[in-house]
Amino acid sequence: MGVVTPLTDRTPKQDRSRATRRRLLEAAVACLAEHGWAGSTVSVVAERAGVSRGAAQHHFPTREDLFTAAVEYVAEERSAALRALPVQGRTAVVAALVDLYTGPLFRAALQLWVAASNEEQLRPRVTELEARVGRETHRIAVELLTADETRPGVRETVQGLLDMARGLGLANVLTDDTARRQRVVAQWAALLDDALN
């Protein structure tokens, strides 16, 4: 009969593997946000994560695997943080939703969108990922805003908020428009109060 290896002997290796995977995902998002698709290679990401290129390819066989997984990972982390927000005033909720589109995740996703528009093998993966992330963000927004989507126009109002937030994220890519964004967030919160009450 063979020797049975206790589960605890494998746990450190599994923990190291998960930690390596997480470092690669976080490094990939940072690289995309800072260097764009053209400047973000598996080698660059591996170096930033402090792992070998071989280790990176063990976890993610292709560049497309790495970058779509990275954007998905950070989107899930951000969604979890949003779901954990206590129900607050509408201004705080609108600001939190807008923050989704003004940080490094949005910059990374934007780079992935641009790459997908030109690369056939990447396009279906990014399209599916963005549809899933969009549905989840919409669901979270409805919950946080305590919006009743059975009422006519409410679904479109929430979607309009998310579209506006994406537009603010695009405006923020070239220049810091924090002051204007704060005024827009306050105005949208007031509009939502009227539309959702």
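Between Leu24 and Leu66, the shortest heavy-atom distance links the atoms O-CD1, 4.1 Å. Of all the heavy atoms in Val51 and Ala56, the pair that sits closest is CG2-N, 4.5 Å. Smallest separation of non-hydrogen atoms from Arg23 and Gly50: NH2-O, 4.3 Å. In terms of heavy atoms, Leu97 sits closest to Ala165 at O-CB, 4.3 Å. The two atoms that bring Ser52 and Ala46 nearest to each other are O-CB, 3.8 Å, heavy atoms only. Pairing each heavy atom of Leu122 with each of Ala115, the nearest pair is CD2-CB, 3.8 Å.
Annotation: the span from Arg139 atom CZ to Glu136 atom CD amounts to 4.5 Å, rounded to 0.5 Å. The CG atom of Asp177 sits 10.5 Å away from the CG atom of Leu170 when rounded to the nearest 0.5 Å.
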Exercise. Does the pair Trp113 and Val126 meet the rule for a side-chain contact (heavy atoms from CB on, under 4.5 Å), with working shown?
Worked result: CA-CA 7 Å; Trp113 296 346; Val126 172; 3.7 Å; yes

Exercise. side-chain contact (heavy atoms from CB on, under 4.5 Å) between Val184 and Arg180: does it pass, once the steps are laid out?
Worked result: CA-CA 6 Å; Val184 171; Arg180 182 181 71 86; 4.1 Å; yes

For this session: Go through the steps for Thr146 and Leu196 under the test side-chain contact (heavy atoms from CB on, under 4.5 Å), then give the verdict.
Result: CA-CA 8 Å; Thr146 60; Leu196 302 179; over 6 Å; no

Exercise. Given the rule in the side-chain contact (heavy atoms from CB on, under 4.5 Å) test, do Glu26 and Val29 qualify, once you have shown the distances and angles that lead to the verdict?
Worked result: CA-CA 5 Å; Glu26 290 169 354; Val29 169; 6.0 Å; no

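Side-chain atoms of Arg63 come within 3.5 Å of backbone N or O of Ser40 as a donor-acceptor pair. Side-chain atoms of Ser117 come within 3.5 Å of backbone N or O of Val114 as a donor-acceptor pair.
Sorted by first and then second residue, the pairs that involve residues 22-41 and meet ring pair (Phe, Tyr, Trp, His ring centres under 6.0 Å), not counting sequence neighbours, are Trp37-Phe67. Residue pairs meeting the salt bridge (charged side-chain N to carboxylate O under 4.0 Å, His left out) criterion with at least one member in residues 187-197, sequence neighbours excluded: Arg90-Asp193. Residue pairs meeting the salt bridge (charged side-chain N to carboxylate O under 4.0 Å, His left out) criterion with at least one member in residues 33-62, sequence neighbours excluded, are Glu34-Arg48. Pairs passing the salt bridge (charged side-chain N to carboxylate O under 4.0 Å, His left out) check and including a residue from residues 151-162, sequence neighbours excluded, read Glu149-Arg155. Among residues at least two apart or in separate chains, there is no ring pair (Phe, Tyr, Trp, His ring centres under 6.0 Å) pair with a member in residues 127-176.
Side-chain contact between Thr102 and Asp99: present, with at least one pair of heavy atoms (C-beta onward) separated by less than 4.5 Å. Two residues are said to be in side-chain contact when any heavy atoms from C-beta on lie closer than 4.5 Å; Leu192 and Val93 fail this criterion. Looking at heavy atoms from C-beta onward, Thr157 lies out of side-chain contact with Leu191 at the 4.5 angstrom threshold. Ser17 places a side-chain heavy atom less than 4.5 Å from the side chain of His59. Leu25 places a side-chain heavy atom less than 4.5 Å from the side chain of Phe60. Proximity of Leu32 to Arg107: side-chain heavy atoms (C-beta onward) are nowhere separated by under 4.5 Å.
Grouping the Ile, Leu, Val, Met, Phe, Trp and Tyr side chains by contacts below 4.5 angstrom, directly or via other members, places Tyr73 apart from Val44. By the criterion of side-chain heavy atoms lying less than 4.5 angstrom apart, applied directly or through intervening Ile, Leu, Val, Met, Phe, Trp or Tyr residues, Leu162 is grouped together with Val154 in one hydrophobic cluster.
For Glu120 and Arg123, the salt-bridge test passes: some basic side-chain N is under 4.0 Å from an acidic carboxylate O.
For the side chain to side chain donor-acceptor pair (under 3.5 Å) test, residues two or more places apart in sequence or in another chain that qualify with Thr62 are Asp65. The salt bridge (charged side-chain N to carboxylate O under 4.0 Å, His left out) search around Arg22 returns none, not counting sequence neighbours. Remark: Glu72 pairs with Arg132 by the salt bridge (charged side-chain N to carboxylate O under 4.0 Å, His left out) rule, at least two apart or across chains. Applying the side chain to side chain contact (heavy atoms under 4.5 Å, CB included) test to Gln121 and every residue at least two apart in sequence or in another chain returns Glu64, Glu119. Taking Tyr101 as the reference, Phe106 meet the ring-ring contact (aromatic ring centres under 6.0 Å, His included) condition, with sequence neighbours excluded. Every residue two or more places apart in sequence or in another chain that forms a side chain to side chain donor-acceptor pair (under 3.5 Å) with Thr150 is listed here: Asp148. In terms of the side chain to side chain donor-acceptor pair (under 3.5 Å) criterion, Glu76 has no residue partners (sequence neighbours excluded).
Using a 3.5 Å distance cut-off with no hydrogens or angles, the side chains of Thr178 and Asp176 do pair a donor with an acceptor.
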